Amino acid sequence: MEDKGYNPAHIEDKWYEYWEREGLFRADNSSTSQPYSIVIPPPNVTGSLHMGHALNNTLQDILIRMKRMQGRNTLWMPGTDHAGIATQNVVEKELAKEGKSRHDVGREAFVQRVWEWRAKYGGVIINQLKKLGASCDWSRERFTMDEGLSRAVKLVFVTLYNDGLIYRGDYIINWCPRCHTALADLEVVHDQRRGHLYHIRYPITDGSGAYITVATTRPETMFGDTAVAVNPGDKRYEGLAGKKALLPIIEREIPIIFDAYVSTEFGTGALKVTPAHDLNDFQIGNTHGLERVVVIDDDGAMNENAGPYVGMDRWAARDKVVEDLNTAGLLEKIEDYPVPVGTCYRCQTVIEPILKKQWFVKADVLAKEAIKAVEDGRTRIVPKQWEKTYFEWMYNIRDWCVSRQIWWGHRIPAWYCEDCGEVIVSMEAPAACTACNGANLRQETDVLDTWFSSALWPFSTLGWPDETKDLAVYYPTSVLVTGFDILFFWVARMMMMGLYFKKEVPFRDVYIHALVRDEQGSKMSKSKGNVIDPLTIIDKYGADAFRFTLAAFAAMGRDVKLSEGRIEGYRFFINKLWNAARFVTMNLDDGYVPDYDFGDRDLSPADRWILSRLETVTGQATQALEDYEFNNAAGALYQFAWHEFCDWYLEVSKIYLSSDDTIAVKRVRDILVYCLDTVIRLLHPIIPFVTEELHTKIPGATGCLVTGPFPVRNDSLVNAAAERDFEQVQILVTGIRNVRGEMNIHPKKRLVAIISAKDKDQAVIRENVEYIKTLAGVEEVQLGESISRPEASATAVCGPFTVYIPLAGVIEFDEERKRLSSEIEKVNEEIDKVNRKLGNDEFVKKAPEEVVLKEKDRMAVLVSKKERVAESIDRLEDYFKKGGN
RNA sequence: GGGCGGGUAGCUCAGUUGGGAGAGCACCGGCCUUACAAGCCGGGGGUCACAGGUUCAAACCCUGUUCCGCCUACCA
């Protein structure tokens, strides 16, 4: 190991290629060990890796790598999603550059073109996942438009249709006039824009010259009005029962109806009802049997029903209508009003609610099982708080509009008979109409919502509808790792489909992680310009540092706020690890053969301590990962590797390594190597590249770290007494260092430490005296219960020990008194706090005995400390009064 | 309108059944101590948003207030 610093660029690609070449990520469905499987949330085939992917896949990779090392039969199933609208948009843009639209090239050629695009660019995100280190089984990679997955989609559609769970019907749907397709409710992004509330007069046709004033934000839809509705209890409009109003401009008569839906408070209390362009109005229309008049076409322009405005864009028409109404004296007033609008999640165009015939999945039936599965714990949602959100949505689920009027996607397997109107839904194109035997059949042109195929992902990727070995072994999957933003889009629907078609939940656990945000906590978006590109980060800091950062910040239920500074910080950790390994390996000799059996050996206090800590941390880190507490695992390992192993044990080891005691040297080498080996194994799931590289430096290492084994806590090495003793040493050493720091004593200046301690506390000093000397820069230690102390000395009160450091000629009275006084102040504060507790009879009476005892102990310690510090001040004053120094 | 989450050190956040307020970064001081200056040693810094309540004891449990974020929704 020559390099002083770690350089990820030299290592990461090399290892990924090696792992893949050796087939180490490949699942073996004939394995007899317990399966552990994850299906990747398939990224859009058009996508490129963003922070969300990076976090999502890092967490999955950590889990799957740990399980793989533990010897489980692991499968991480990868793949991509055909992303209907998004992909179609990309290719349409490409066409636009050639001055063509998809209609110019035709459906078949267009779809062909999308496939070509996918072949060329569809692999981008896959390669980016590899950069990140994702250990997916790429030999099984799937695509939602695969032949197999397409078959699954068709079968599901046909089955649901035959079971009465898919129907076709008229409904108000969310229409994107730019994408030319319907959108599911979930695909509409709600927004609020500045707009107006227009008060428009509709003349009453009773010849009285009266009129009714309606308030609307969308005057251009008035040509689709088929009623004016008022609240039945609204006294203002009592007299209008049975009367009709006249739609201005096109002069069509419409009834005045009474419906409790209308609020008397809002606007004028009179509502224009446009059943073909508003969901509420649609429902009112249903109740009252109103006519439905569509006035806006698929491009968002006014149609022939809009009279003189035909052909005008809906926004232009609005202005013109308002102007014309004003001219006609029918515009009462215009108020500023924030208008809620829905926009297309793909292109931000304001969606138009339009009445159209669409295909729907009856969701409430499917939701029932999906609710039950979470209620009775067959699927566990982690963190639990998301269960509530899940239930909330599931209980209020609405039918799912699954038809999309685009070309890229799974074409709905339905045919219409042009002769008799029969609708035939089947796996294969029927030769003749099943009703009239006519041959005049036309296939449905709509395709299915992309989420329809994604909903099948956990079983369709495993081979369903065939009863494959993979399906038998890996379904249900162990865990689904995903962001809460697609809890409804995806998770809920997978639950419904999995339960319906496999009669089993698709996953045992759902781990919901947070969103990655920028350091201010804003969502990263291109328009805000605050996106951090994962690939740039990987190039700059290495995938390991990046992954560690994500893991360290992935606390449950919290967003991950990311900044480059943090990633840089964790790169330092990787480097630290690298250098620790350098130190260890530099201190081995050629013939070194490790021996990890420490049971019969004469261990030093430091050995016992670090081994105990190592095993404890092994347990903690493992448990944390089992519980999806990624931050805790990362934190525990960081703390141990850096602040225990490197800061303390490595320093202590130097004492032995430079000694002539060959047995001790061998023992310390073994422990160093054992700790290093264990730590890099524990860290491998989080930072696979550097650990794999370091693994090759471990003497006697065979195979790849990827295949494990993962450390298991060795309880026989856990030693609470050893941990306590070494903590005493740490307290003592830190105390002496503190004096050194505060008194500005040069680090190289050797000190004398005169330690006063009760008999019972002296053993630990004697056993660790060499450590104390080395770590605190002490050349001589004197120890006794009532040891005589030099007059001019600094004092460190450390736990049960009082350390005097002779500083004749160096010590400055004011400095030391200030230091000790502030020490007393701190102690006094603590004493006050404890006093308040112990002085409270209720506390002593009611608190558990152990708590009271603990407080009493604490008080004794504090009082003793205070006395010792106070005494030091006194002596110091005496000394200087006598004219010392 | 409904729901959820959050307000803890200058910044970003931990704090797991209520019992001595923590980390990383930043900051200050001292060190090139042969693994690492991407480092080492030491240090300062917080009425745990606010107000009540429960309790011997509250950052933690309850109620209210306030601010922020997100999801969701058919008052035009």
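Fair warning: this is a prediction, and the values are worked out from it, not measured in the lab. Chain naming here is simple, since letters A, B, ... match the order of the sequence lines and numbering starts at 1 in each.
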Quiz item: Who does B/C4 pair with, Watson-Crick or G-U, both distances under 3.5 Å?
Solution: B/G69
Exercise. Could you measure between the two C1' atoms, the one in B/C32 and the one in B/C68, and give it in whole Å?
Key: 47 Å
Quiz item: Quick one: the side chain of A/E651 and the base of B/A35, do they pair up donor-acceptor inside 3.5 Å?
Solution: yes
Quiz prompt | Presence of A/R398 side-chain N/O under 4.0 Å of B/C74 phosphate oxygens OP1/OP2 | solution = yes
Practice problem: Can you tell me, in whole Å, how much space there is between the P of B/C25 and that of B/C70? | Solution: 30 Å
Quiz item: Counting any heavy atom closer than 4.0 Å, what does A/H643 reach on the DNA or RNA strands: base, sugar-phosphate only, or nothing?
Solution: sugar-phosphate
Self-check item: Rounded P spacing from B/G44 to B/G19 in Å
Solution: 25 Å
Self-check item: Which residue lies more 5' along RNA chain B, comparing A/E392 with A/F583 via nearest heavy atoms
Solution: A/E392
Exercise. Would you tell me if any nitrogen or oxygen in the side chain of A/R737 comes within less than 4.0 Å of OP1 or OP2 on B/G42?
Key: yes
Quiz item: Does any nucleotide pair with B/C27 by Watson-Crick or G-U wobble geometry, both distances under 3.5 Å, and what is it?
Solution: B/G43
Quiz prompt | Sugar-phosphate, base or nothing in reach of A/K272, heavy atoms under 4.0 Å | solution = nothing
Quiz item: Relative to each other, are the rings of A/W578 and A/Y6 parallel, tilted or perpendicular (30° and 60° limits)?
Solution: tilted
Quiz item: Atom CG of A/L650 to atom P of B/C40: distance rounded to whole Å?
Solution: 11 Å
Self-check item: Nearest-nucleotide pick for A/F266, side chain only, options being B/C11, B/C75, B/G19
Solution: B/C75
Quiz item: Using the ring of each side chain (for Trp, its six-membered ring), is A/Y337 parallel, tilted or perpendicular to A/F266, with breaks at 30° and 60°?
Solution: perpendicular
Self-check item: Most 5' of A/E842 and A/Q639 on RNA chain B, judged by nearest nucleotide
Solution: A/Q639
Quiz prompt | Sugar-phosphate only, base, or nothing, as touched by A/E850 at under 4.0 Å among non-hydrogen atoms | solution = nothing
Quiz item: Between B/G24, B/A76, B/C36, which nucleotide has the shortest distance from any of its atoms to the side chain of A/Y638?
Solution: B/G24
Quiz item: Rounded to whole angstroms, how far apart are CG on A/N587 and C1' on B/U34?
Solution: 11 Å
Exercise. Starting at atom CD of A/Q283, determine the distance to atom C1' of B/A76, rounded to an integer number of angstrom.
Key: 14 Å
Practice problem: Determine whether A/V652 and A/V668 make a side-chain contact, defined as any pair of heavy atoms from C-beta on separated by less than 4.5 Å. | Solution: no
Exercise. Just call it for A/T389: base, sugar-phosphate, or nothing, with non-hydrogen atoms closer than 4.0 Å on any strand.
Key: nothing
Practice problem: Select base, sugar-phosphate, or nothing to describe what A/G195 touches, counting heavy atoms under 4.0 Å on all strands. | Solution: nothing
Quiz item: Looking only at side-chain N and O atoms, does A/K748 come under 4.0 Å of OP1 or OP2 in B/G30?
Solution: no
Quiz item: Counting any heavy atom closer than 4.0 Å, what does A/T274 reach on the DNA or RNA strands: base, sugar-phosphate only, or nothing?
Solution: nothing
Quiz item: Is A/H190 near enough to B/C71 that one of its side-chain N or O atoms lies under 4.0 angstrom from OP1 or OP2?
Solution: no
Quiz item: Parallel under 30°, tilted from 30 to 60°, perpendicular over 60°: which one fits the rings of A/Y649 and A/F645?
Solution: parallel
Quiz item: So do A/D281 and A/K272 actually touch side chain to side chain, heavy atoms under 4.5 Å?
Solution: no
Practice problem: Nearest whole angstrom, please: distance from the P of B/A35 to the NZ of A/K654. | Solution: 5 Å
Exercise. Determine the interatomic distance between C1' on B/C31 and the same-named atom on B/C36; round to the nearest Å.
Key: 15 Å
Quiz item: Does the side chain of A/R292 come under 3.5 Å of the side chain of A/N286 through a donor N or O and an acceptor N or O?
Solution: yes
Practice problem: Taking only the side-chain nitrogens and oxygens of A/Y261, find out if one of them lies under 4.0 Å from OP1 or OP2 of B/A76. | Solution: no
Quiz item: If you look at every strand shown and take non-hydrogen atoms under 4.0 Å, does A/V262 touch a base, only sugar-phosphate, or nothing?
Solution: base
Quiz item: Does B/G20 pair with anything, Watson-Crick or G-U wobble, both distances under 3.5 Å, and if so, with which nucleotide?
Solution: none
Quiz item: What's the closest nucleotide to the A/Y337 side chain, out of B/C41, B/C4, B/A76?
Solution: B/A76
Quiz item: Quantified in whole Å, what is the P atom distance between nucleotide B/G2 and nucleotide B/A76?
Solution: 16 Å
Quiz item: Given B/C40, is OP1 or OP2 found less than 4.0 Å from the side-chain N or O atoms of A/W642?
Solution: yes
Exercise. Establish, from distance only, whether the side-chain atoms of A/D225 and A/T274 form a donor-acceptor pair under 3.5 Å.
Key: yes
Self-check item: Nearest-angstrom distance from the residue atom CZ of A/F484 to P of B/G3
Solution: 19 Å
Quiz item: Parallel, tilted or perpendicular: which fits the ring planes of A/F488 and A/W393, with parallel below 30° and perpendicular above 60°?
Solution: parallel
Exercise. State whether A/K826 places a side-chain N or O below 4.0 Å from either non-bridging phosphate oxygen (OP1 or OP2) of B/G44.
Key: yes
Self-check item: Strand partner of B/C36, provided both Watson-Crick or wobble distances fall under 3.5 Å
Solution: none
Quiz item: Does A/N738 put a side-chain nitrogen or oxygen below 4.0 Å from OP1 or OP2 of B/G43?
Solution: yes
Quiz item: Just how far, in rounded Å, is C1' of B/G42 from CG of A/L775?
Solution: 15 Å
Quiz item: Which one, B/U12, B/C56, B/A35, comes nearest to the side chain of A/F843?
Solution: B/C56
Quiz prompt | Nearest-neighbour nucleotide for the A/A847 side chain, B/G30, B/U12, B/G19 considered | solution = B/G19
Quiz item: Side-chain donor or acceptor of A/N575 under 3.5 Å from a matching atom on the base of B/A38?
Solution: yes
Quiz item: Taking the side chain of A/K833 as heavy atoms from C-beta outward, which of B/G19, B/G20, B/C75 is closest to it?
Solution: B/G20
Exercise. Determine the Euclidean distance between corresponding P atoms of B/G18 and B/G10; express it in Å to zero decimal places.
Key: 28 Å
Self-check item: Sugar-phosphate, base or nothing in reach of A/P340, heavy atoms under 4.0 Å
Solution: sugar-phosphate
Quiz prompt | Which nucleotide in B/A35, B/C74, B/C31 has an atom nearest any side-chain atom of A/L279 | solution = B/C74
Exercise. Determine, for A/R858 against A/E855, whether the closest basic-nitrogen to carboxylate-oxygen distance falls under 4.0 angstrom.
Key: yes
Exercise. Starting from P on B/C4, measure out to CZ on A/F391 and report it in whole angstrom.
Key: 14 Å
Quiz item: Taking OP1 and OP2 of B/C56, is either one under 4.0 Å from a side-chain nitrogen or oxygen of A/K845?
Solution: no
Practice problem: Go ahead and name the base partner of B/U55; Watson-Crick or wobble counts if both distances stay under 3.5 Å, otherwise write none. | Solution: none
Practice problem: Using the C1' atoms only, state how far B/U47 lies from B/A51, rounded to an integer number of Å. | Solution: 13 Å
Self-check item: side-chain N/O A/K576 vs B/C40 OP1/OP2, d < 4.0 Å
Solution: yes
Exercise. Rounded to the nearest angstrom, tell me the gap between atom CD in A/E830 and atom P in B/G20.
Key: 10 Å
Quiz item: When the ring planes of A/F573 and A/W642 are compared, do they come out parallel, tilted or perpendicular, using 30° and 60° as the limits?
Solution: parallel
Self-check item: Base paired to B/A14 (Watson-Crick or G-U; both N/O distances under 3.5 angstrom)
Solution: none
Quiz item: What nucleic acid atoms does A/D278 come within less than 4.0 Å of, heavy atoms only: base, sugar-phosphate, or nothing?
Solution: nothing
Self-check item: G-U wobble or Watson-Crick pairing nucleotide for B/C50 (cut-off 3.5 Å, both distances)
Solution: B/G64
Practice problem: For nucleotides B/G43 and B/C4, find the distance between their P atoms and express it as a whole number of Å. | Solution: 45 Å
